[in-house]
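As structure tokens, the structure follows; a few thoughts come after it.
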Number of protein chains: 2
Amino acid sequence: MTAPLPNLTKNQSLVFETLAEAGAPLSAYTILDQLREHGFRAPLQVYRALDKLLERGLIHRLESLNAFVACQHKHSHGHQGATVFVICGTCGDVNELHDQVINDQIMRRAVEQKFQVESAMVELRGRCSGCAD
Amino acid sequence: MTAPLPNLTKNQSLVFETLAEAGAPLSAYTILDQLREHGFRAPLQVYRALDKLLERGLIHRLESLNAFVACQHKHSHGHQGATVFVICGTCGDVNELHDQVINDQIMRRAVEQKFQVESAMVELRGRCSGCAD
DNA sequence: GTCGATATGTTATGACATTACATCATATTT
DNA sequence: AAATATGATGTAATGTCATAACATATCGAC
Ligand SMILES: [Zn+2]
Ligand SMILES: [Zn+2]
Ligand SMILES: [Zn+2]
Ligand SMILES: [Zn+2]
């Protein structure tokens, strides 16, 4: 029984659709450029929408790329625990995994140190099977 | 039998010492400011030194902070596998862990996808025991 | 309608990182 | 020693990512 999501605002929808249709990570400024024809003029319009979309878990931020990507979980179930991003440096393809073993171990180590985890980032850089040597 | 490390250059040493003495993450521009009295004038002097220190594993880059930190392994043994950084958002304290379970599982999942891992980053953000509510 | 909360528009600024080119130091070869 | 190659350094300019500050607009609760 989850509360129904309030609708996205116009700007939030535009930003989300841009990311969802790209199916790949985009920087905030790339999103801005793609939305200029829809009236976007300034970075803050993008960043504000991104912040709200992040809060709702509809998108993710890839820290190692300074870029954003639509969540690959179509049904918007909450993300419990760490998300693992597998990023090909050659073709730019990104895959999102959730791994219970990694998540459990992260939490085990955090508890050991009495560390309260607010967010966990796992990003793998390398080459996907299609780009292998 | 590891080959002896060639000595660091003057700039590399200055940057490394700055990070080692700070014992905390510093941005490239913070390092630059601290080294102005030693003749540093431009960001590139810092970034070039950081690149070399990263190559040798003497320092790490914290992707979620856009900052750099000296490796906490005093003996400069190679880092095999994922390094886990535990970062307190309140006091800024950073701890570096190496966890075989996390590393093994990352590699297991990568192999499943035929993904060749070049680097793996795990960063936990939250509150350390000293900063708990 | 008034008020409060949220969203938006706009300008300017701050923070992080690289490109391009010139110069200097050092090691190797001839 | 002179010539060459390699890596390090100095400097200016530029590019990329993100936020501060302030004004205006929209919408629902009362
Ligand atoms: Zn997701
Ligand atoms: Zn690829
Ligand atoms: Zn280390
Ligand atoms: Zn702390």
Side-chain angles (χ1 to χ4, degrees), chain A residues 3-19 22 24-56 58-69 87 89 92 119 121 123 125, chain B residues 3-19 22 24-56 58-69 87 89 92 119 121 123 125:
Chain A
L5 282 178
N7 290 326
L8 296 177
T9 67
K10 177 164 168 274
N11 284 3
Q12 289 161 18
S13 295
L14 287 167
V15 169
F16 181 70
E17 287 306 318
T18 303
L19 280 173
L26 299 179
S27 76
Y29 278 73
T30 301
I31 295 169
L32 173 59
D33 286 341
Q34 296 194 14
L35 290 177
R36 286 195 189 280
E37 61 190 13
H38 293 277
F40 275 49
R41 308 282 304 273
L44 207 49
Q45 295 175 288
V46 178
Y47 282 109
R48 287 200 276 227
L50 289 170
D51 284 345
K52 294 297 180 186
L53 296 170
L54 286 169
E55 277 176 14
R56 297 209 192 169
L58 297 174
I59 65 171
H60 300 284
R61 176 186 175 81
L62 299 177
E63 300 286 351
S64 70
L65 296 179
N66 290 330
F68 303 85
V69 67
I87 305 165
S119 70
M121 174 213 106
E123 296 182 20
R125 309 290 302 272
Chain B
L5 282 178
N7 290 326
L8 296 177
T9 67
K10 178 163 166 274
N11 285 2
Q12 289 162 18
S13 295
L14 286 167
V15 170
F16 180 70
E17 287 305 318
T18 302
L19 280 173
L26 299 179
S27 77
Y29 278 73
T30 300
I31 295 168
L32 173 59
D33 285 340
Q34 294 193 14
L35 290 177
R36 286 194 190 280
E37 61 191 13
H38 293 277
F40 274 50
R41 308 282 304 273
L44 203 50
Q45 294 175 290
V46 178
Y47 283 109
R48 285 199 278 227
L50 289 170
D51 284 345
K52 294 299 180 185
L53 296 170
L54 284 169
E55 277 176 14
R56 297 208 191 170
L58 297 175
I59 65 172
H60 299 285
R61 177 185 173 81
L62 298 177
E63 300 287 350
S64 69
L65 296 179
N66 291 329
F68 303 84
V69 67
I87 305 165
S119 69
M121 290 151 285
E123 298 183 18
R125 309 290 303 273

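Please read all numbers here as calculations on a predicted model, not as lab measurements. As a basis for the values below, the full set of heavy atoms in this structure was taken, side chains included, without hydrogen atoms, waters or symmetry mates. By convention in this document, chain letters (A, B, ...) are assigned in the order of the sequence lines, proteins followed by strands, and residues within each chain are numbered from 1.
Looking at residues two or more places apart in sequence or on another chain, you find no side-chain hydrogen bond (donor to acceptor under 3.5 Å, both in side chains) involving Gln34(B). With sequence neighbours excluded, the residues that form a side-chain hydrogen bond (donor to acceptor under 3.5 Å, both in side chains) with Asn66(B) are Arg61(B). Among residues two or more places apart in sequence or in another chain, the side-chain contact (heavy atoms from CB on, under 4.5 Å) test is passed with Ser27(A) by Tyr29(A), Thr30(A). Scored by the side-chain hydrogen bond (donor to acceptor under 3.5 Å, both in side chains) test, Ser64(A) finds Glu123(A), Arg125(A) as partners (sequence neighbours excluded). In this structure Gln45(B) satisfies the side-chain hydrogen bond (donor to acceptor under 3.5 Å, both in side chains) test with no other residue, sequence neighbours excluded. For the side-chain contact (heavy atoms from CB on, under 4.5 Å) test, residues two or more places apart in sequence or in another chain that qualify with Ala67(A) are Pro25(A), Leu65(A).
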Exercise for the section: Kindly indicate, with the supporting measurements, whether the criterion side chain to side chain contact (heavy atoms under 4.5 Å, CB included) is fulfilled by Phe40(B) and Val15(B). Expected result: CA-CA 10 Å; Phe40(B) 274 50; Val15(B) 170; 4.0 Å; yes
Exercise for the section: Start with the C-alpha distance between Leu58(B) and Leu19(B), add both sets of side-chain angles, then the distance that settles side chain to side chain contact (heavy atoms under 4.5 Å, CB included), and finish with yes or no. Expected result: CA-CA 10 Å; Leu58(B) 297 175; Leu19(B) 280 173; over 6 Å; no
Exercise for the section: Could you give me the CA-CA distance, side-chain angles and deciding distance for Lys52(B) and Thr9(B), then say whether side chain to side chain contact (heavy atoms under 4.5 Å, CB included) is met? Expected result: CA-CA 10 Å; Lys52(B) 294 299 180 185; Thr9(B) 67; over 6 Å; no
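Near DNA chain D, meaning a heavy atom under 4.0 Å from it, residues 24-32 of chain A has Ser27(A), Tyr29(A) in order of number. Within residues 33-54 of chain A, the residues that have a heavy atom under 4.0 Å from DNA chain C are, in order of number, Arg41(A), Ala42(A), Leu44(A), Gln45(A), Arg48(A), Lys52(A).
First and last contacting nucleotides of DNA chain C toward chain B (any atom under 4.0 angstrom from a heavy atom, 5' to 3' order): dC16(C) to dA20(C).
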Under-3.5 Å N/O pairs linking protein and nucleotides 24-28 of chain D:
none

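Look at Asn66(A) and you'll find a side-chain N or O under 4.0 angstrom from OP1 or OP2 of dA18(D).
Here the CD1 atom belonging to Ile59(A) is positioned 6.5 Å from the CZ atom belonging to Phe68(A), to the nearest 0.5 angstrom. With rounding to the nearest 0.5 angstrom, the OG1 atom of Thr18(B) is 4.0 Å from the CG atom of Leu35(B).
Within the structure, the salt bridge (Lys or Arg N to Asp or Glu O under 4.0 Å) test picks out the following pairs touching residues 34-51 of chain B (sequence neighbours left out): Asp33(B)-Arg36(B).
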